Trainee: 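Input: one structure, supplied below.
Atoms considered below: every heavy atom in the structure, side chains included; atoms not considered: hydrogens, waters and symmetry mates. Indexing begins at 1, ligand by ligand and atom by atom, following the structure's order. Everything numeric in this text was worked out from a predicted model, so none of it was measured. For the single chain, residues carry numbers from 1 onward in sequence order.
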Amino acid sequence: MIRLFQRLRPPGVRIQLMLWYTIVFALLILFSDIVLYTQLRSTLIASLNTALQLRSQQIASGISNDGASITIRDVTGDLSGSDTIAPDMPDASIDVDFGSLVRILNSKGQMLRISPAFRTLIVPPTSVMQSLHGSDWQGNVMTRDGQEVRLYSVPLTENGTPFAVIQVGESLTQVNTALRSLFLELLLIAPFILLLGAVGSYWLGIHAFAPMNRLIQTAQRIKAGDLHQRVPVPRAYDEVRALALTLNEMIEHLDQTFTRQRRFVADASHELRTPVTAIRSMTELAQLKTLTVEEYEHTFDTINKEAERLGHLISDLLALARADERRVMLEQEAIRLDTLVEAVVANAEGLALERGVSLQVHASEPITICGDEARLIQAVINVLDNALLYTDAGGQVTVRVEATSTHALLTISDTGIGIAPEHLPHIFERFYRADPARVRKEGNSSGLGLAIVEWTIHAHKGTIAVESQLGLGSTFIVSLPRVSMLSQ
Ligand code: ADP
């Protein structure tokens, strides 16, 4: 049995909604029916009470007390056929629905008048006792054959002392019949309302989920591979709209990632093919004809350079691929940025000399940061190499290390060729070269250098920015958190 329940699938949202609505409807109907029934019952009883009070007042107007005896005049006609004493056995043929129900008692509780129908009632003695003590009594009593009657008992007083009691009654058959038929009608109507409610809530469920269905259909088309599609965004500000917007954002992100990935693979293959083609053409040439010793030396030298380029490219690609997969574990050691930069600059002096560029460094104060020394050295080399290589002979490259209260600032500025404004936002992209015609022949240009720099700086919770003017030079500003900030 438990297995069967486990295997049964939970009902869908629409069915759940329908069930909840139906339960709520059923409770509402029950509540409103109870209110309606009790309200009607108390209204009917109240009007019956009023009628009985009126009748007793009319009967009382025909009763007078002269001290010694009580005179009764039948002003309402209710007392016709009434007796002064009750026979032992009431007449069974008398119906309380038709005959008038009146009884008059004196202050000793002795019967003065009783209508034939009244004799069939089982009257509680408290009704008489309470009236003889001067207060009204009203309540439901039964006939001997089980019919319900509303009874009203009122004292007649003279100088505040009761001298007689009038008891009038009215059958409750009509009231009970009206209430019973109302009860039956409500009982009959309730299932129809419930059914209507259930069908209506199911239909509402279908209607409410229509935008979701449209989302699902579009999402299925997107699953089939068309990442240019977007799910329809409903105009109403609700959860479906929020879901559609989130889905669209996600698809947009996926689309961009896939496009970037495709371009990266295409660019990478292209970049890898160039040195391979160069190496192959060199070796083919060497195979075809006999070369002089100098020619062989030149060929091997070129092959070596291309292989070196290939090696650099492959290690750059590997670094970025690892970074993408978030597989890179950064060392976290305290590093003196000023000494690190000075060492990199000292190392680059040879290249600066070769290119006829003046290289200066200003790193006077000790600044400590936390991070991976090898990667930071590589990042500084990449930016500094670019500055030296994109600056013509006679130009100047200045490296500065400064500290703010929270950050270390590394500025590398050159008086080189500069970067055009349209290229500036893209230079950190992979394989992006602002001016392919000016790709440095002597360097290992891959178009990946700045992409790696940006990743390294961001991985150290830092920022990198560039300012440049075409023909005037460029300035790269790197900001890294100082140790005191990181330890907070
Ligand atoms: P590359 O390996 O080609 O230098 P990078 O990612 O290091 O690739 O740089 C991307 C592009 O940014 C370069 O091709 C170059 O056009 C431009 N660039 C970078 N640094 C400078 C600079 N200091 N001056 C002028 N252009 C630069």
Trainee: Record the part of I427 in heavy-atom contact with ligand 1 below 4.0 Å; permitted values are side chain, backbone, both and neither.
Mentor: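 For I427, the contact with ligand 1 is made by both the backbone and the side chain.
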Trainee: Counting heavy atoms only, name the option from V397, N386, V383 that's nearest to atom 19 (C) of ligand 1.
Mentor: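 Residue with the shortest heavy-atom distance to the ligand atom: N386.
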Trainee: Is any NZ, NE, NH1 or NH2 atom of the basic residue among R433 and E271 found under 4.0 Å from an Asp or Glu carboxylate oxygen of the other?
Mentor: yes
Trainee: Quick one: sort the H426 and Y432 rings into parallel, tilted or perpendicular, breaks at 30° and 60°.
Mentor: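 Judged by the thresholds at 30° and 60°, the geometry between H426 and Y432 is tilted.
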Trainee: Distance under 4.0 Å to a non-hydrogen atom of G418: what atoms of ligand 1 satisfy this?
Mentor: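 Near G418, meaning under 4.0 Å from one of its heavy atoms, ligand 1 has 25 (C).
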Trainee: Mind telling me whether F428 and F476 have parallel, tilted or perpendicular rings, with 30° and 60° as the class edges?
Mentor: perpendicular
Trainee: Indicate, as side chain, backbone, both or neither, the part of D414 found under 4.0 angstrom from ligand 1 when only non-hydrogen atoms are considered.
Mentor: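 Side chain only.
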Trainee: Answer yes or no: does an N/O atom from G447 fall short of 3.5 Å to an N/O atom of ligand 1?
Mentor: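 Yes, there is a polar N/O contact under 3.5 Å.
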Trainee: Go through it in stages, so that I can follow the logic: the residues are I417 and L470, the test is side chain to side chain contact (heavy atoms under 4.5 Å, CB included), and I'd like the CA-CA distance, side-chain angles, deciding distance and then a yes or no.
Mentor: CA-CA 6 Å; I417 60 167; L470 205 57; over 6 Å; no
Trainee: Is the shortest distance from a heavy atom of A387 to ligand 1 less than 4.0 Å?
Mentor: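 Yes, A387 has a heavy atom closer than 4.0 Å to ligand 1.
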Trainee: Evaluate side chain to side chain contact (heavy atoms under 4.5 Å, CB included) for L151 paired with Q138, printing each intermediate quantity in order.
Mentor: CA-CA 6 Å; L151 188 70; Q138 54 196 24; over 6 Å; no
Trainee: One residue to check: F476. Relative to ligand 1, which of side chain, backbone, both or neither has a non-hydrogen atom less than 4.0 Å away?
Mentor: side chain
Trainee: Which pairs pass ring pair (Phe, Tyr, Trp, His ring centres under 6.0 Å) with one or both residues in residues 258-310, sequence neighbours excluded?
Mentor: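 Listed once each, the pairs are F264-F431.
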Trainee: Does any N or O atom in L450 lie less than 3.5 angstrom from one in ligand 1, N or O only?
Mentor: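 L450 vs ligand 1: N/O contact under 3.5 Å present.
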Trainee: Tell me, yes or no, whether the heavy-atom count around E249 atom CD, taken from other residues, nucleotides or ligands under 6.0 Å, exceeds 12.
Mentor: no
Trainee: Can you check which of D385, I412, I419 brings a heavy atom nearest to atom 26 (N) of ligand 1?
Mentor: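 Result: the heavy atom closest to atom 26 (N) of ligand 1 is in I419.
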